[in-house]
Novice: 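Before I ask anything, here is the structure I am working with.
These numbers come from a predicted model, not from an experiment. Just so it is clear: chains get the letters A, B, ... in the order the sequence lines come, proteins before strands, and each one is counted from 1.
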Number of protein chains: 2
Amino acid sequence: MESRIDRIKKQLSGASYKLTPQREATVRVLLENEEDHLSAEDVFLLVREKSPDIGLATVYRTLELLNELNVVDKIQFGDGVSRYDLRQEGAAHFHHHLVCIECGAVDEIQEDLLEDVEAIVEKKWNFRIKDHRLTFHGICYRCQEDK
Amino acid sequence: MESRIDRIKKQLSGASYKLTPQREATVRVLLENEEDHLSAEDVFLLVREKSPDIGLATVYRTLELLNELNVVDKIQFGDGVSRYDLRQEGAAHFHHHLVCIECGAVDEIQEDLLEDVEAIVEKKWNFRIKDHRLTFHGICYRCQEDK
DNA sequence: GATTCACATAATAATAAGTATCAAAAAGAA
DNA sequence: TTCTTTTTGATACTTATTATTATGTGAATC
């Protein structure tokens, strides 16, 4: 955990930004809630629990910065809110999501399932792929059991 | 064209909605701009050219309704605006998009490239897929030529 | 034909996510 | 120290979208 913070610190300083206490608090919240897909508001409320004086704008700025440095991914599932998701270390590509239309849960698929598809797209559409977003909408295993 | 409007009319009446003049004007704009990915504002401005008395809220409501009936798909590319895209007739699934990070162009892939991937996800994650969203970000063929 | 009645609409107010502004504080550099 | 740059917090603002509300409309019933 500490080592991940250190590495993020290096990424920041590499781009001549500092890991200020506010930024560190924000990063810690993201690390502690890695499973979730927090909105900026969610992050703000969680950060505020430990650092009550932090401002909402600072959280937005930090998330924006982390997104530019590819530390987090900014995603939209269509509910009108941006969500911020820590990128797996070393992951070249965005991971995939399973959004349950019953309960709203969002699960992640870390595996890259798209290599074959990307090869086809690059060739057939002559498109140089840099990243992708893949989300499946359906019924998660939990809601299937409930039936 | 007229036949497509007729079929959309049937879809509406099947769900006990009417194809009012305002709704028809909105659908026509979508049909005439099928290649584009219009925002609600875009649609509103285009509809207004022919039906100056239409209200923005009506356009929003119509787009929302068409989305619920799966006539259009509501998509977000991350620029803060929802865009509305006519679904190909008979298409069970959402089509895919190629978003160029240089020029912003959005191209479409109508083919379903995900059958194999979906089979894996359904089995391995025990997730019953209803729909999917797949967007590639990269450099389109036009911008590659410009180099 | 007049009268209901449910649905649609236009106008506009309200909401909420996100951004811009700006003065003050913090952190370096000199 | 003093000067300069970066960062921050508070808050005003913007903008997409939604809610409200009074009005309109067209089919169904009297």
Novice: Parallel under 30°, tilted from 30 to 60°, perpendicular over 60°: which one fits the rings of A:His37 and A:His97?
Specialist: perpendicular

Novice: Given atom CG of B:Leu63 and atom P of C:dT9, what is their separation to the nearest angstrom?
Specialist: 12 Å

Novice: How many Å lie between CG on A:Leu65 and P on D:dT6, as a whole number?
Specialist: 13 Å

Novice: Hey, any chance B:Val99 and B:Tyr84 share a hydrophobic cluster, counting ILVMFWY side chains that come within less than 4.5 Å of each other, even indirectly?
Specialist: no

Novice: Say whether A:Val29 and A:Leu66 are linked into one hydrophobic cluster, either directly or through other cluster members, by side-chain heavy-atom distances under 4.5 angstrom.
Specialist: yes

Novice: Just by distance, with hydrogens left out, do A:Asp42 and A:Ser39 show a side-chain donor and acceptor under 3.5 Å apart?
Specialist: yes

Novice: Which whole-number value in Å describes the distance from B:Leu38 CG to D:dA16 P?
Specialist: 15 Å

Novice: Only pairs under 3.5 Å count here: list side-chain donor-acceptor contacts from residues 49-65 of chain B, not counting sequence neighbours, and write none if there are none.
Specialist:
from, atom 1, to, atom 2, distance (Å)
B:Thr58, OG1, B:Arg61, NH2, 3.1
B:Thr62, OG1, B:Thr58, O, 2.8

Novice: Between A:Arg83 and A:Gln76, is there a side-chain donor-acceptor contact under 3.5 Å, judged purely by atom types and distance?
Specialist: no

Novice: Each nucleotide in nucleotides 17-26 of chain C should get exactly one letter: B, S or -. Can you fill that in based on protein heavy atoms under 4.0 Å?
Specialist: SBBBB-----

Novice: Grab the NZ-C1' distance between B:Lys18 and C:dC5 for me, whole Å please.
Specialist: 11 Å

Novice: Using whole Å, report how far CZ of A:Phe44 lies from C1' of C:dA16.
Specialist: 15 Å

Novice: Ignoring hydrogens and geometry, is there a side-chain-to-backbone donor-acceptor pair from A:Glu108 to A:His96 under 3.5 Å?
Specialist: no

Novice: So does B:Thr58 get a side-chain nitrogen or oxygen closer than 4.0 Å to the phosphate oxygens (OP1/OP2) of C:dA10?
Specialist: yes

Novice: So, is A:Thr20 close to the D:dT6 phosphate, meaning a side-chain N or O under 4.0 Å from OP1 or OP2?
Specialist: no

Novice: Using atom CG of A:Asp79 as one end and atom P of D:dA16 as the other, report the distance to the nearest whole Å.
Specialist: 18 Å

Novice: Hey, does the side chain of A:Thr20 reach the backbone of A:Arg23 with a donor-acceptor pair shorter than 3.5 angstrom?
Specialist: yes

Novice: Please report the distance, rounded to the nearest Å, between CG in B:Leu66 and P in C:dA8.
Specialist: 13 Å

Novice: Which of these nucleotides, C:dT9, C:dA27, C:dC7, is closest to any side-chain atom of B:Gln22?
Specialist: C:dT9

Novice: With a 4.5 Å cut-off on side-chain heavy-atom distances among I, L, V, M, F, W and Y, is there a chain of contacts connecting B:Leu134 to B:Ile139?
Specialist: no

Novice: Is there any protein nitrogen or oxygen under 3.5 Å from a nitrogen or oxygen in nucleotides 23-29 of chain D, and what are the pairs?
Specialist:
none

Novice: Write down the distance between CG (B:Leu19) and P (C:dT9), rounded to a whole number of angstrom.
Specialist: 10 Å

